[in-house]
Amino acid sequence: MKSLLSLCLFGAAIAGFGDCPDYDPPQETNKCCPCPVGIILDASFLYWLGGEEGLTVATGGVLNTGVLHYAQNLETVLQSFDYHPGFKLGFGVVIEREWSIHSEYTWLRGENTVSRGAPTDSTTAGVASIIAATGTPVWAVSDWFLQGTNFTQALSGTRVTSKWEYGVDLLDVMARRPFTHGCWLIITPSMGLQAAFVRQSMNVDLTEEPGIFGFGLPLSAPSQPIHSTNHSNSWGIGPKVGVECNCMMPQGFRIRGDSSLSLLYTSYTKIDHSEDPASTAFNSGSLTTSFDGYSCLRPIGKLGLGAGWGRYIYCQQFHIDFLASYDFTIFWEQNMMRKLLDDVLTGTSSGPTDLYFHGLTLTGRFDF
């Protein structure tokens, strides 16, 4: 805030302005222009990267006579993340004394896939000298399959593929009022409600190495690859507070920073896992597990910084505004798929990990 204020005052100083400058900020945040604005319409194009912690897919190893060993040079397969398009739609009404009510809907969707063949290092590490120094390089998938081998080790295979999908819908209804520092700095606090609907899935396919059950017990493998399917669906609602800061510059330009924080009562309507049988001889049936009736509190935070330009048109009866910003949003403790499997495997876990987004936002606004 101090840095933004300093930049604002510096811009005013070098321009040599005393009274209100020749700029056109949105009417709801401009006390220097008496013309009223009633309706606010805005739309945003989003190009955001969606990612989540806790989505490690597999770790490299060496299989020797059915026993899984570390490789000398360990490799790890991580779920890939990428940018995907999305959008926001907003509608607002300006009421008495510059108060406004603004609602906004955000739509985010994404799908990311990673596929890896067998690792390259076949040299074992940390084993006795009587054990062969090399074996079959494999991927060990202990995070996404609850079944194990007759040596009580993780399932492993020569190829692993994962696909992570998400769908996020946000609905905000906020009341706000601007406060100005002269005509150069406009600070607009806001408060209201936020609703969030988050759906995600993580599917992992493993092509098993035939020797994972050892020489004494043939694999009798089912159809390959075997599948692990994981889902998490939730909805939440709760209070949200935020603040927007606009540093007005000459010719209608401005620098804008904004932040918000919400705390939502969150109910998970679906947290489940299912996996195919690993062997008809050793594991003869599929395995499923789930959480039922899981409710909690979940915070969501947002930060953004950008630059915009606005102008009144048609005898100051209408206002147009354009903004480009880079935004960061985090959904704390959203990865309940990881928590479910950790709890089943070890009886406890360190807690769910975070879902996050960041990327470019291009916004157009029309006031009338």
Can you tell whether the side chains of [X] and [Y] come within less than 4.0 Å, N to carboxylate O?
X	Y	answer
D321	R256	no
E52	R338	no
K163	D205	no
R199	D169	yes

Geometric class of the W309/F322 ring pair [parallel <30°, tilted 30-60°, perpendicular >60°]: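 Taking W309 first and then F322, their aromatic rings lie parallel (interplane angle under 30°).
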Geometric class of the Y294/Y268 ring pair [parallel <30°, tilted 30-60°, perpendicular >60°]: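 Because their plane-to-plane angle is over 60°, the rings of Y268 and Y294 count as perpendicular.
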Could you verify whether a donor N or O on one side chain and an acceptor N or O on the other, from [X] and [Y], lie under 3.5 Å apart?
X	Y	result
S44	T363	yes
S228	N230	yes
S162	Q79	yes
H273	E275	yes
Q334	S234	yes

To the closest 0.5 Å, what do you measure between [atom1] ([X]) and [atom2] ([Y])?
X	Y	atom1	atom2	value
W235	T269	CH2	OG1	9.5 Å
S267	N233	OG	CG	11.0 Å
Q224	T207	CD	OG1	6.0 Å
H319	Y312	NE2	OH	5.0 Å

Quiz item: cation-pi between R177 and F179, 6.0 Å / 45°: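 Yes, cation above the ring, under 6.0 Å and within 45°.
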Heavy-atom distance under 4.5 Å between the side chains of [X] and [Y], does that happen here?
X	Y	value
L297	Y265	yes
L264	I237	no
S115	R159	yes
K240	I300	no
T113	T161	yes
L155	V141	no

For S232 and N335, what are the C-alpha separation, side-chain angles and deciding distance, and is it a side-chain contact (heavy atoms from CB on, under 4.5 Å)? CA-CA 8 Å; S232 171; N335 187 359; over 6 Å; no
When you measure from the side chain of D327 to the backbone of H358, do you find a donor-acceptor pair of N or O atoms at a distance under 3.5 Å?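 Checking the backbone N and O of H358 against the side chain of D327, no donor-acceptor pair under 3.5 Å is found.
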Between the side chain of E104 and the main-chain N/O of G92, is any donor-acceptor distance below 3.5 Å?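 Judged by distance alone, no pair lies under 3.5 Å.
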Centroid-centroid distance, Y166 to F357, less than 6.0 Å: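 Judged by ring-centre distance (under 6.0 Å), Y166 and F357 do meet the cut-off.
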Test log, rule side-chain contact (heavy atoms from CB on, under 4.5 Å), inputs H227 and N203: CA-CA 7 Å; H227 309 282; N203 298 323; over 6 Å; no
